[in-house]
Amino acid sequence: MDKVLARGSGSSVARPRARTALATAVAGAAVIAGTVAVASSASAGTTLGASAAESGRYFGTAVAANKLSDSTYVGILNREFNMATPENEMKWDATEPSQGQFNYSNADRIVNHAQANGMRVRGHALAWHSQQPGWAQNLSGTALRQAMTNHVTQVATYYKGKIYAWDVVNEAFADGGTGARRDSNLQRTGNDWIEVAFRAARAADPGAKLCYNDYNTDGQNAKSNAVYAMVQDFKSRGVPIDCVGFQSHFNSASPVPSDYQANLQRFANLGVDVQITELDIEGSGTAQADNYNRVVRACLAVSRCTGITVWGIRDSDSWRASGTPLLFDGSGNKKAAYTSTLNALNGGGTTPPPTTAPPTTAPPTTAPPTTAPPTTPPPSGTGCTATLSNNQWQGGFVTNVTVRAGTNPVNGWAVTLTLPGGSIITNTWSAQPSGTSGTVTFRNVDYNRTIAAGQSTEFGFQGNGTAPTGTATCSAS
Ligand code: G3I
C-alpha cells in the first residue's frame, strides 16, 4: 500500500499509494478570500476552471514558481485553472530559511501571477514535520513551539486577505492502523500543537479558511477516523477549523477508495468544507480517465466539497512524473483524463461511448425455453446484512460495518450489535448510535438511508476497549 516518493533528495517519506451560473469572466478580477473568483480567460463548460465555477467550485493546480517563465506551462495555467497552490514556495524552509528572516520572493511570484490572472490561492503549508529549515529541525520543546507559532503568525499575516484557504497543519497523523499522531519534533512539543497553530492562523488572517490536510485519509480507515475524531473534537471545543483537505494521490497500490464520496460526506457532515487538494492518479488511457471522472463526480455529489486541485499541470511537472499522473502530457496536450474530468465537471459520466458500430449479427432464431418460472419465492429478498471489520490495538479499536441490501432495495436500516463488557464507543460516523456501550443500535443517517438492491454502504465507530466480535443483525425498512 505504501509507495516511496519518486524524487527529491530530502523526501524519502513513505507514502500511500482516487448550477449556479457565475458572472461572466472579468479580466483582472480582484481576488477576495472567501468569494468565488472567475478565471479571466475561461469560458463556461470548455475549461476546467469555468466548468467547476458553474457549480460554485474551483479547479486548481499546484504551481511551481520556476515554471512561470515556461510559456506552455503558463498558457495552460491561465486558460484552465482558477486556483493556485504554491507547490513548495510557502513551506517553512522556503519562507523562513533563517530564524526570524522571512523570504517571500518565490511565493509572491505565484500569488502575484494568480491575482493578475483571476485565480485564488490555497496556502500550503504553515506547519508540517517535513520541509522544515535546518534551524527548526534542530529545535525542540518550548523554543520550537514558539518558533512554530511565530512562523504561522508571520506568514499568515503577510498574506492576510490574499489566501482563500490555508493548509494550517499538514500530515500530522501516522500511517497504519493505530490512528496515532505522527511522531515529529512538532508533535513532541505537546499534543495541542495543532490547535495552537489553528488559533494563531485565525488570529492572523480571520478571512482565510483554515484546513487540516493529509494523505491516506481518502477512504474510511484508522488514519481518517483519527482525523475525523480530531475535527469533531475541534468543532465541539471551538478550535477554529473550516475545512479538511484530502490529498488524493492515487495509483494501483493506493487506488481511489470505494467509499471515497462517503468519506468526504462524513467529514462534511461535521460542519467543515472538504477539498481535494493534491489530486494525481498514476496510469494512462481509459482506466486513468475513469478514475479522474469518479473523483470529480464524488466531489460534485458532496455540497460542501468546494473544489479540486491537481498536483501539477503536465505529467513532466509531477513530483512522480514517471507515473504520468496528470491531465496534460509532457508536451501540454490534453489527455483522456482531461476530457473525462471536464465531462464530469459538466455533469457527464465517464469516457465517451465507443465509436465502433454495434455488432450486426442477427438475433438467435431459436424459440425461448418454455420451462415454467420457479414457484419458490426469491431468496431473502427484503432484508439486509451487516458485516463487521475490526481494527484492534491495545486499548482501542475501530470497527467498519458494511450494510448490504438483499435482492430488494433498502429504504432505511438499523444494525444492532453487542459490545464486550467495558468497551465504550467514543466516536461514530455515517450512522446514529442508540448508546455507547452494551447492545447498541446504529440507524442510517440521511445520506445513506437508501441502498439499491445488492449494493452496500458503510458506517463505522471507534472506541476504547475491545471491538465487537459477535454477529450484527441488520433490519431494513
Ligand atoms: O529546487 C531544488 C533543486 O535546486 C535541487 O537541485 C534539487 C535536488 O534534489 O532539489 C530541488 O528541490 C526539490 C523540490 O521538490 C523542487 O523540485 C526538493 O529536493 C524536493 O524534496 C521537493 O519535493 C517536493 C516534496 O513535496 C517535498 O516533500 C515536491 O516538489 C512537492 O510536489 C511535494 O509536495 C507534497 C506536498 O507538499 C504535501 N503532500 C505530498 C506532496 C507530494 O510529496
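Numbering of ligands and ligand atoms starts at 1, following listing order. Just so you know, these numbers come straight off a predicted model, no measurement behind them.
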* Is the closest heavy-atom distance from H249 to ligand 1 below 4.0 Å? ->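 Per 4.0 Å heavy-atom rule, H249 contacts ligand 1.
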* Within 45° of the six-membered ring axis of F328 and under 6.0 Å from that ring's centre, is NZ or CZ of R314 located there? ->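 Geometry flag: not set, cation outside 6.0 Å or 45°.
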* Could you tell me whether W311 approaches ligand 1 through its side chain, its backbone, both or neither, with non-hydrogen atoms closer than 4.0 Å? =>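 It is the side chain that gets close, since no backbone atom is under 4.0 Å.
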* Asked: Excluding sequence neighbours, so at least two apart, what forms ring-ring contact (aromatic ring centres under 6.0 Å, His included) with F442?
  ->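 Result, ring-ring contact (aromatic ring centres under 6.0 Å, His included) vs F442: F459, F461.
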* Asked: Are any non-hydrogen side-chain atoms of R79 and I76 less than 4.5 angstrom apart?
  ->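 The answer is yes, as the side chains (C-beta and beyond) meet within the 4.5 Å cut-off.
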* Asked: What are the atoms of ligand 1, with element, lying closer than 4.0 Å to any heavy atom of E171?
  ->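 With E171 as reference, the close atoms of ligand 1 come out as 38 (C), 39 (N), 40 (C).
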* W128 heavy atoms, cut-off 4.0 Å: which ligand 1 atoms fall inside? ->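 That gives atoms 28 (O), 37 (O), 38 (C) of ligand 1.
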* Quick one: salt bridge (Lys or Arg N to Asp or Glu O under 4.0 Å) partners of E278, sequence neighbours excluded? ->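 Checked E278 against salt bridge (Lys or Arg N to Asp or Glu O under 4.0 Å); zero matches.
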* **Side-chain donor/acceptor of N112 to backbone N/O of D108, under 3.5 Å** =>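 The answer is yes, because a donor-acceptor pair under 3.5 Å joins these two groups.
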* Check: R297/N343 side-chain N/O donor and acceptor closer than 3.5 Å ->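 No, no side-chain donor-acceptor contact under 3.5 Å.
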Is there a polar contact, in the sense of an N or O pair closer than 3.5 Å, between [X] and ligand 1?
| X | value |
| --- | --- |
| E87 | yes |
| N170 | no |
| Q131 | yes |

